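Fair warning: this is a prediction, and the values are worked out from it, not measured in the lab. For this chain, numbers begin at 1 and follow the sequence in order.
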Amino acid sequence: MKVLVIGGVAGGASAAARLRRLNEDAQIVMFERGEYISFANCGLPYYIGGTIRDREELLVQTPAGMDARFNIDVRINSEVVKIDRQAKAVQVKNTKTGETYIESYDYIVLSPGAEPVRPAIPGIDGQNIFSLRSLDDTDRISLYLTQARVNSVIIVGGGFIGLEMAENIHALGTNVTVVEAASQVMAPLDPEMASIIYRHINDKGVRLLLSQGVTSFADENGLKKLTLQSGEVISADAVILAIGVKPESELAREAGLELGERGTVRVNEYMQTSDSSIYSVGDVVEVVDFVNGNKTYIPLAGPANRQGRIAADNIAGRKAAYKGTQGTSIAKVFDLVVASTGNNEKTLTRLGMSYEKSYTVNASHAGYYPGAIPINIKLLFDSDGKILGAQAVGIKGVDKRIDVLATAIRAGLTVYDLEELELAYAPPFSSAKDPVNMAGFVAANILKGDMDVIHWHEIKDLDPNKTILLDVRTSKEYSDGHIEGSVNIPVDDIRDRISDIPKDKQIVVYCQVGLRAYVAARVLMQKGFSVKNLSGGYNIYILGIESEQ
C-alpha cells in the first residue's frame with residue numbers, strides 16, 4: 001500500500017505518524033512545498049513577541065526526525081500541483097529547481113491547510129503589509145520589526161491571531177492599533193462578553209477601532225496609510241493582516257473533488273472525499289457542527305489532529321468516524337484568558353434554535369485564599385437543560401472551566417448534570433461549589449422556575465408604569481452607578497422594607513452579578529410578588545450597553 005500525504009503541520013503529520021504505527025509495511029510519502037513539515041503554528045505570535053526565544057522550539061518535527069522514527073519518505077520543497085485520479089498519480093514540482101515528476105498512489109491524505117484572507121483592497125499587495133501563516137512569514141515580520149526600528153503597527157482583524165499579535169507586538173514597545181470591520185472582537189464570543197476584552201485592550205494602551213473596514217492602503221512619507229470606511233485615515237510603519245483564513249482547496253477543485261459552499265473540501269464521517277481513495281483533513285475540510293448538526297468551517301489544530309488520526313485508521317482498515325467539531329477555543333489577550341465552546345447566541349439565533357441563557361460571575365478559587373479573581377461565564381442551553389454553548393472570560397482558571405464545559409457538551413450532559421459534577425477542590429484551586437457547579441445551579445433554577453430572569457437587552461423595553469427596577473446592592477454601590485430609574489433597597493433590608501415595594505407591579509431585581517438579587521427574588525416571590533432577576537446583574541448590563549455603542 002502506497003499513501004501520499006500532501007501537506008504536513010497538524011493534520012498531515014498526524015495522519016502519517018498514525019498510519020505508520022498501524023502499518024509498518026506501508027509506503028508513506030509526505031510532500032511539503034515549504035521547508036518545514038510540522039511546526040507550532042499557534043506559537044508564532046509568541047516567538048515574534050519574544051516569549052518564545054528559541055526558534056527551534058517551534059519545530060515540532062523535522063524531516064530527518066520523521067524518517068528516523070517513522071520511516072516516512074519526507075520531501076520538502078515539493079509541491080503537488082496536480083492529482084490525476086484516473087491514473088492514480090500526482091504531479092510534483094520541486095519548488096527550488098522547477099522540475100516536475102510523477103508519483104503514483106493507492107491513497108492520498110490531502111492536508112494543504114488554509115491561507116490568509118487577502119481581500120481585493122487597493123494597495124493590499126504593497127510593501128510592509130504582512131500576513132502570518134508560516135515560519136517564513138514569521139521570519140519576515142520579526143526581521144522587519146527588529147531591523148527597521150518600527151514605532152507603530154496596524155493590525156487588521158480582531159480575532160484570535162490579531163489580538164495575540166497585538167499583545168506580542170505591544171510587548172516589544174511598539175504602538176499598536178487594531179482595526180476590526182465587525183462591531184466586536186473575538187467572533188466566537190457574544191458582544192456583551194467581548195466587551196470585557198474591549199475594555200482590557202484599551203486599558204493596555206492599544207487603540208481598538210471597531211466597525212471600521214479598510215477601503216485602501218497607500219504609502220506616504222515612508223508610512224503605510226490606511227483609509228477606513230468612516231473616512232478616517234490612520235498610518236503606521238507596518239500592517240499585519242489577520243482578517244481570517246480560507247481553505248486552500250484549489251488542488252482539490254482542479255481534481256474534481258466535491259467542495260462545500262465556502263470552498264471547503266467535502267468529506268464524509270470517515271474523512272473520505274468524493275473519491276474513496278482520497279482523504280482530506282485539517283483546515284481545508286468542511287465539518288459538521290457538533291451542536292447544531294449543520295455543515296460549517298471551523299479551522300482548529302485539535303480537530304485537525306484528530307481528523308488525521310481518523311483518516312489513517314480508515315486507510316489501515318480500522319473503521320473510525322469523526323463526530324463533528326464544537327469549536328472549543330482559548331486565547332490569551334494580555335492578562336485576560338478568553339475561551340468558548342459550542343454555539344454562541346448569535347449562531348443559535350441565526351439558525352432559529354430555541355435556547356435559554358444565564359450569566360454567572362464567581363471567583364477562580366476560594367475567596368478567602370489570596371489571589372482569587374472573578375470568572376465570567378455565559379451558558380447557553382435548551383428547555384431540557386442540554387448545554388448548547390459556553391463562553392468564559394477571566395484571568396485564572398478559565399481553561400479548566402471551559403474544558404469541563406466542552407466535555408459536558410461532548411458527553412451530552414445537561415445543566416442538571418453540572419450541578420452534580422464532583423470537581424477537584426482545595427482553596428488555591430477552586431471553591432467547594434466550583435464556578436461550573438454555580439453555572440449549573442443558576443441555569444437549573446431558571447428551568448425549574450425557581451427564578452424568572454430578564455436579560456440586559458430587555459431592560460429598555462420595560463414599561464416604567466408597570467415595573468419597579470429594584471437595585472439590591474449597597475447604597476455605596478448604587479451611588480457609584482445604577483440603572484436609570486431604579487430604586488435602591490439593599491438585600492439585607494428587604495424584609496424590613498417589604499411594605500415599600502408595590503405588589504401591583506412587576507419587580508425586576510438586580511445586584512452586581514446576580515447572586516444577591518436571587519436571594520431578594522426568592523424572598524419577594526414567597527411573599528406574593530411577581531419578580532424577575534436581571535441575569536448577570538449590573539455587570540452584564542453595562543457590558544451589554546457598551547457593546548451596542
Side-chain angles (χ1 to χ4, degrees), residues 1-38 61-97 99-113 248-258 265-282 284-285 304-322:
M1 178 171 61
K2 184 176 182 181
V3 180
L4 307 184
V5 179
I6 302 174
V9 193
S14 293
R18 173 66 172 173
L19 185 58
R20 174 57 74 218
R21 291 194 295 270
L22 297 178
N23 189 327
E24 182 62 23
D25 299 321
Q27 183 182 354
I28 305 171
V29 183
M30 178 185 290
F31 298 101
E32 173 55 53
R33 67 184 172 195
E35 296 277 349
Y36 310 100
I37 59 166
S38 187
Q61 186 59 275
T62 64
M66 201 78 168
D67 183 27
R69 179 160 296 181
F70 297 108
N71 187 27
I72 292 172
D73 181 0
V74 178
R75 303 179 192 178
I76 59 173
N77 302 314
S78 299
E79 181 180 7
V80 175
V81 295
K82 182 180 179 181
I83 299 173
D84 186 339
R85 292 164 52 199
Q86 297 238 326
K88 296 196 79 170
V90 302
Q91 183 178 346
V92 185
K93 177 183 176 181
N94 186 306
T95 58
K96 295 288 189 182
T97 66
E99 296 177 352
T100 63
Y101 63 92
I102 303 297
E103 193 77 36
S104 63
Y105 69 86
D106 294 308
Y107 295 99
I108 286 176
V109 177
L110 186 60
S111 180
E248 198 163 333
S249 55
E250 191 57 32
L251 183 62
R253 184 191 307 277
E254 292 176 354
L257 298 177
E258 185 179 351
V265 177
R266 182 157 285 169
V267 294
N268 61 18
E269 60 185 324
Y270 308 114
M271 307 312 299
Q272 280 178 309
T273 68
S274 52
D275 184 323
S276 60
S277 297
I278 301 177
Y279 292 74
S280 191
V281 301
V284 74
V285 302
N305 275 282
R306 293 197 301 278
Q307 292 161 11
R309 182 183 178 90
I310 286 168
D313 280 2
N314 285 296
I315 290 171
R318 293 189 177 190
K319 210 69 167 178
Y322 187 68

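Legend: residues meeting salt bridge (Lys or Arg N to Asp or Glu O under 4.0 Å) with Arg309, ordered by chain and number and at least two apart, are absent. Looking at residues two or more places apart in sequence or on another chain, you find a side-chain hydrogen bond (donor to acceptor under 3.5 Å, both in side chains) between Arg85 and Asp275.
To the nearest 0.5 Å, the span separating CD on Gln272 from OG on Ser280 amounts to 12.0 Å. Rounding to the nearest 0.5 Å gives a distance of 7.5 Å between CG of Asp73 and CD of Gln27.
The two atoms that bring Val92 and Ser78 nearest to each other are CG1-CB, 3.8 Å, heavy atoms only. Considering all non-hydrogen atoms of both residues, Asn268 and Tyr270 come closest at OD1-N, 2.9 Å. Of all heavy-atom pairs between Ser104 and Leu4, the closest is O-CD1, 3.7 Å. In plain terms, the two heavy atoms of Ala89 and Tyr105 that are nearest each other are N-CE2, 3.1 Å. Listed here is the closest heavy atom pair of Val284 and Leu110: CG1-O, 4.2 Å. Here the closest non-hydrogen pair linking Leu22 and Ala312 is CD1-O, 4.1 Å.
Sorted by first and then second residue, the salt bridge (charged side-chain N to carboxylate O under 4.0 Å, His left out) pairs with a member in residues 24-38 read Arg33-Glu79, Arg33-Glu248, Glu35-Lys96; sequence neighbours excluded. Residue pairs meeting the salt bridge (charged side-chain N to carboxylate O under 4.0 Å, His left out) criterion with at least one partner in residues 99-111, sequence neighbours excluded, are Lys2-Glu103, Arg75-Glu103. Screening residues 4-14 for salt bridge (charged side-chain N to carboxylate O under 4.0 Å, His left out), with sequence neighbours left out, gives no hits.
Taking the side chain as every heavy atom from C-beta outward, Ile315 and Met1 approach each other to under 4.5 Å.
Within a 6.0 Å sphere centred on NZ of Lys93, heavy atoms belonging to other residues, nucleotides or ligands number 12 at most. At most 12 heavy atoms of other shown residues, nucleotides or ligands fall within 6.0 angstrom of atom OH in Tyr107. Environment of CZ in Arg69: sparse, with no more than 12 heavy atoms of neighbouring residues, nucleotides or ligands closer than 6.0 Å.
Listed for the Arg306 side chain is no donor-acceptor partner under 3.5 Å among the backbone atoms of Tyr322. Between the side chain of Thr273 and the backbone N or O of Ile278 there is at least one donor-acceptor pair closer than 3.5 Å. At least one donor-acceptor pair under 3.5 Å links the side chain of Asn314 to the backbone N or O of Ala320. No donor-acceptor pair under 3.5 Å is formed between the side chain of Ser249 and the backbone N or O of Val265.
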In a table with atom names and distances, give each donor-acceptor pair under 3.5 Å that connects a side chain of residues 6-19 to protein atoms at least two apart or in another chain.
residue	atom	partner	partner atom	Å
Ser14	OG	Ala10	O	2.7
Ser14	OG	Asn305	OD1	2.5
Arg18	NE	Asp313	OD1	2.7
Arg18	NH2	Asp313	OD1	3.0
Arg18	NH2	Asp313	OD2	3.4

